Protein chains: 2
Amino acid sequence: MKSTDTRTEILDTAQELIQKLGVNAMSYADISEAVGIRKASIHYHFSTKDDLVAALLDRYNPDFLRLVDAIIASPESPETKLSRYFALFEATLSSGEQDKACLCGMLGAELKTLKHPLAERVIQFYQDNEARLVKILTEGREAGVFSFPGDIKVMATLIFSLLEGGILIVRANGGLYQFRAIVEQLMQLVKG
Amino acid sequence: MKSTDTRTEILDTAQELIQKLGVNAMSYADISEAVGIRKASIHYHFSTKDDLVAALLDRYNPDFLRLVDAIIASPESPETKLSRYFALFEATLSSGEQDKACLCGMLGAELKTLKHPLAERVIQFYQDNEARLVKILTEGREAGVFSFPGDIKVMATLIFSLLEGGILIVRANGGLYQFRAIVEQLMQLVKG
DNA sequence: GTCTATAGCGCGATAGAC
DNA sequence: GTCTATCGCGCTATAGAC
């Protein structure tokens, strides 16, 4: 068994730091210390910081969306699917030792400081998620298990904004416990 | 008529920059350029960056909460009060030329990079807002115009998280237009 | 109260030995 | 592929003239 390669360790560390502190507060020095490698060595794997963040998004976003697609493709009920979608965000928040936001949620807050190729990846992630939420909500409404007023697309945006945004906000107070409570409440609202 | 003093111009500029870019991306050089003053002169008014941000919060938070309290004390219906509360966030987003997040929403995302006296101000702002939302929600439920399942306190947290978090997220796509849509949807959900 | 000048540090990034 | 060494820049902050 080969141990995790350095490139992956750098990505993992960088991701955790961004989810905790944001891109602008994350530095090569931080990664260097955590991985046990010198700053210069990081540049061998990712020549610029933007390259590193791009690689991070090109790993994170497809991984996340693959999980979502697996949920959608499953034979579960719409309610269970939505619940499992919510659980992906809970898992993000509670993974590791400290509260971590979604990578793209954090980058969204800092969006105006990102160069275009990076910002576009974040924007695309939002759109991809909302499109998948529309699928789940449509299925649930047609099956009669979801009952909420208004447009499905708007509801998808509302749900996604609450999950992405809420995960950032609850870190200031109740953390995972509080997040679970609002997610449960959200489910009640969707069911009507 | 005395023109706005320098101290206030610095505060205004710094606030706008933080709402747009975040604390960690905002610099004395940015303020210097926008105000038309040299970096060193800013230090005369605010000796450290933390002092500046603290002064910002000590102005912003009471100002915002005063607006909220005026809404609560008004003779309007609970629905109108809640709608006017939502409008405070819409106003933040749409003020100025570019989308601006709530000052404390942005600082919440970057919370783990803030020193304690600053972080505590942000946390307190969240608690103060949620307490006021509880008042409005309680009044509306007792009057029979709000009808939502679950705990009022959790609902207050849900609403506040959606407003603070949503304002950060919608900037990546539909901006003010999208924010208005989800806020309107939220109102429908509260009314049941 | 604002200026010039500069200190001191941390950052991302590069060169070149091993 | 990782190292040492260093560059150049932007940052916060300070000293002292005006």
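Since we're looking at a predicted model, the values are computed, not measured. In the text below, chain A, chain B and the rest are named by the order of the sequence lines, each starting its count at 1.
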query = When you look at NZ of Lys153(A), are more than 12 heavy atoms from neighbouring residues, nucleotides or ligands closer to it than 6.0 Å?
reply =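 At most 12 heavy atoms, drawn from other residues, nucleotides or ligands, come within 6.0 Å of this atom.
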ask   = Just wondering, more than 12 heavy atoms not from Arg38(B) lying within 6.0 Å of its CZ?
value =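 Not buried by this count: 12 neighbours or fewer within 6.0 Å.
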query = Going by heavy atoms closer than 4.0 Å, what residues in residues 12-24 of chain B are next to DNA chain D?
reply =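 Going residue by residue through residues 12-24 of chain B, none turns out to have a heavy atom under 4.0 Å of DNA chain D.
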message = Test your reading of the model: is there a side-chain donor-acceptor pair from Glu110(B) to the backbone of Val23(B), 3.5 Å cut-off?
response =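 Confirmed, Glu110(B) side chain pairs with Val23(B) backbone.
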To the nearest Å, give me how far apart [atom1] ([X]) and [atom2] ([N]) are.
X	N	atom1	atom2	value
Glu9(A)	dT2(D)	CD	P	9 Å
Ile42(B)	dT2(C)	CD1	P	10 Å
Ile31(A)	dC11(C)	CD1	C1'	12 Å
Glu33(A)	dC11(C)	CD	P	11 Å
His45(B)	dC3(C)	NE2	P	9 Å
Asp51(B)	dT12(D)	CG	P	13 Å
Phe46(B)	dT2(C)	CZ	P	11 Å

ask   = For Arg59(A), which residues count as a side-chain contact (heavy atoms from CB on, under 4.5 Å) partner, sequence neighbours excluded?
value =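 By the side-chain contact (heavy atoms from CB on, under 4.5 Å) rule, Arg59(A) matches Thr8(A), Leu11(A), Asp12(A), Gln15(A), Leu56(A), Asp63(A).
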request  = Mind listing the closest non-hydrogen atom pair of Ala156(B) and Val134(B) along with its distance?
outcome  =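 Nearest pair, atom of Ala156(B) first, then Val134(B): CB-CG2, 3.8 Å.
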task = Locate the shortest heavy-atom distance separating Leu186(A) from Leu162(A); write the atom from each residue and the value.
result =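 Scanning both residues completely, I find the closest heavy atoms to be CD2-CD2, 3.9 Å.
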inquiry  = Near DNA chain C, counting only heavy atoms under 4.0 Å, which residues of residues 106-114 of chain A show up?
reply    =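 Within residues 106-114 of chain A, no residue comes under 4.0 Å of DNA chain C.
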request  = For residues Ile72(A) and Tyr85(A), determine if any side-chain heavy atom of one lies less than 4.5 Å from a side-chain heavy atom of the other.
outcome  =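 SC-SC contact between Ile72(A) and Tyr85(A) ruled out.
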task = Could you go through the side-chain contact (heavy atoms from CB on, under 4.5 Å) check for Met26(B) and Ile31(B) one step at a time?
result = CA-CA 8 Å; Met26(B) 179 272 277; Ile31(B) 301 171; 3.8 Å; yes
Side-chain N or O of [X] closer than 4.0 Å to phosphate OP1/OP2 of [N]:
X	N	value
Thr6(A)	dT2(D)	yes
Ser41(B)	dG1(C)	no
Tyr44(A)	dT2(D)	no
His43(B)	dT2(C)	no

message = Can you see whether Glu130(B) engages Thr157(B) through a side-chain donor-acceptor pair at a distance of less than 3.5 angstrom?
response =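 Distance-only check passes for Glu130(B) and Thr157(B).
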query = What string of B, S and - do you get for nucleotides 5-11 of chain D, 5' to 3', when a contact is any protein heavy atom under 4.0 Å?
reply = B-----S
query = Which pairs with one or both residues in residues 158-192 of chain A pass ring-ring contact (aromatic ring centres under 6.0 Å, His included), sequence neighbours excluded?
reply =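 Residue pairs passing ring-ring contact (aromatic ring centres under 6.0 Å, His included), neighbours aside: Tyr126(A)-Phe160(A).
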message = Tell me every residue that passes side-chain hydrogen bond (donor to acceptor under 3.5 Å, both in side chains) with Asp151(B), counting only those two or more places apart in sequence or in another chain.
response =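 Partners of Asp151(B) under the side-chain hydrogen bond (donor to acceptor under 3.5 Å, both in side chains) test: none.
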